[in-house]
Amino acid sequence: MKMELTARQKQDHKTFRAFADEEIAPCADQYDQEARLPSELFTKLAERGYLGAILPEAYAGHGMDLITYGLLNQELGRSCSSVRGLVMLQNMVAHTILRWGSESQKERWLTKIASGERTAAFALTEPDVGSDAGNIETKVAPAHGSYILNGRKKWITVGQLADLFLVFGQYDGKLCALLLEKDTPGLSIHPMPGTLGMRAAMLAELHLNECQVPEENMVGGVGLGLVPVAVSALNFGRYSVAWGCVGIAQACLEASIQHTSHRKQFGHYLKEHQLIQAMIADMVTNLKAARLLCLQSGYAMESGEPQSIMDILVAKYFASTAATQAALNAIQIHGAIGLSPDHPVQRYLRDAKVMEIIEGTTQIHQMKIAEHTYGWDLDA
Amino acid sequence: MKDKKAKIRAFLKRFIRHHFQDDEDIFESGYVNSMIALQLVLFVESEFDITVENEDLKLENFSTVNALVRLIEYKTI
């Protein structure tokens with residue numbers, strides 16, 4: 001299997017890294033402390049084509065292949081997980097509309113998402129339903145050429161910023177997905193500040209009270225519609241999260257190398273202490289493994305292989321747990337400095353832990369990986 | 001057609017240790033979870049070089065081996 005980046009991908013990677021270093025990393029702690037993302041940043045992301053990264057040029061997108069998109073997520077994740085979350089949501093909803101939406105939905109929304117004229121969010125989780133997504137409680141009822149939505153959605157990333165929501169609900173006992181606009185009467189948006197990590201991701205709870213949505217806003221039909229729409233969206237999200245975790249682990253490693261190369265204790269640089277070297281070695285090894293799993297899943301997804309679903313589960317599971325461990329090591333290496341709000345490693349830990357929960361918890365990933373493994377017929 | 005059925009069955013067998021009859025409902029069997037369903041969509045696309053569109057996302061197009069063959073043949077005309 002080919003695992004080497006093309007010259008173009010390497011060049012794009014450099015560009016993403018420079019952008020992240022110059023425009024995001026210096027402000028990431030401030031975003032975290034203020035629990036918001038500034039509109040200027042949104043404009044910069046739009047100007048560079050990152051909000052429509054995976055969309056074709058016909059929809060004003062950047063037309064990135066999935067490996068390049070992964071590298072973008074890596075660099076955004078290395079600098080600020082909240083920014084990566086914003087870019088992920090924009091591309092996740094765009095990808096869903098591009099893949100499963102009607103022609104009129106594509107015409108109506110995709111260019112606006114790519115340009116940043118519209119901010120998109122994914123609304124699946126509810127106050128009482130998280131991992132058990134098949135049993136969401138939001139109700140969808142028909143009403144003369146439209147649908148009426150009632151229910152609540154919770155932990156909606158960029159929910160405070162978004163003006164277009166891909167909402168999931170139950171229609172006559174079957175699951176479906178609809179595009180809901182922010183100005184729909186009956187929709188109220190409630191900020192959810194103070195979460196452990198991704199504090200600048202502007203989470204919100206949505207209250208849907210008799211929200212009327214035109215029938216042409218349904219994406220993918222009823223029943224089977226949810227399966228490809230929701231699962232492929234989550235799959236795409238997991239891919240983004242996995243690469244973002246590679247970025248977090250990279251940030252932890254770089255901060256730790258910097259710190260241990262300059263700080264002396266007992267007359268020696270920290271990097272000369274073998275117990276420090278052991279932590280660095282683990283960080284390097286897990287980082288390389290996570291990156292390879294992400295690359296493998298990216299190539300599989302790019303070629304449309306069914307196996308890509310499993311590959312992405314494995315990549316996200318490994319990369320998210322590796323990022324948490326890398327952040328724990330980075331804090332341990334930094335000592336008290338690592339606990340300080342003035343140093344980003346504590347943010348890396350808080351954000352890494354979030355990655356083990358969003359787009360499926362670590363435990364759900366473990367269950368699904370095992371389920372698929374046992375389900376395989378080894379003779380086939 | 002026989003070849004298509006064999007390929008579909010071989011794919012399903014990778015996940016489910018059950019031999020589906022031509023008209024046996026794959027989803028009603030309770031064996032197929034949402035991830036296998038998406039893999040089934042990706043499989044018919046990659047194996048038979050078709051694109052499953054929004055309007056094809058109907059349960060009746062994916063419910064049996066025969067239904068899948070009909071969908072594949074309709075999309076390759």
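So you know, we letter chains A, B, ... as the sequences are listed, proteins then strands, and number each from 1. Note that this is a predicted model, so its numbers are computed, not measured.
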At their closest point, which heavy atom of [X] faces which heavy atom of [Y], and how far apart are they?
X	Y	answer
A:Trp100	B:Leu38	CZ2-CD1, 4.5 Å
A:Pro306	B:Ser46	CD-OG, 3.9 Å
B:Leu42	A:Ser308	CD1-OG, 4.1 Å

Exercise. Quick one: salt bridge (Lys or Arg N to Asp or Glu O under 4.0 Å) pairs with a partner in residues 28-53 of chain B, sequence neighbours left out?
Worked result: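 As it turns out, the salt bridge (Lys or Arg N to Asp or Glu O under 4.0 Å) pairs with a partner in residues 28-53 of chain B, which skip direct neighbours, are A:Arg99-B:Glu45, B:Lys7-B:Glu47.
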Problem set entry | Distance, nearest 0.5 Å, that separates CG of B:Asn54 from NZ of A:Lys106 |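 Result: 8.0 Å between the selected atoms.
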For this session: Report the C-alpha distance between A:Leu313 and B:Met35 in whole Å, list the side-chain angles of each, state the deciding distance to 0.1 Å, and finish with yes or no for side chain to side chain contact (heavy atoms under 4.5 Å, CB included).
Result: CA-CA 11 Å; A:Leu313 280 172; B:Met35 303 199 75; 3.6 Å; yes
Exercise. When you look at CD of B:Glu24, are more than 12 heavy atoms from neighbouring residues, nucleotides or ligands closer to it than 6.0 Å?
Worked result: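 Yes, the 6.0 Å shell around CD holds more than 12 heavy atoms from other groups.
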Exercise. Above 12 or not: heavy atoms from other molecules or residues under 6.0 Å from CZ of B:Arg9?
Worked result: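 Buried by this count: over 12 neighbours within 6.0 Å.
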For this session: Apply the test side chain to side chain contact (heavy atoms under 4.5 Å, CB included) to residues B:Arg14 and A:Gln307: give CA-CA distance (whole Å), side-chain angles for both, the deciding distance (0.1 Å), then the verdict.
Result: CA-CA 11 Å; B:Arg14 287 166 59 187; A:Gln307 177 65 22; 4.1 Å; yes
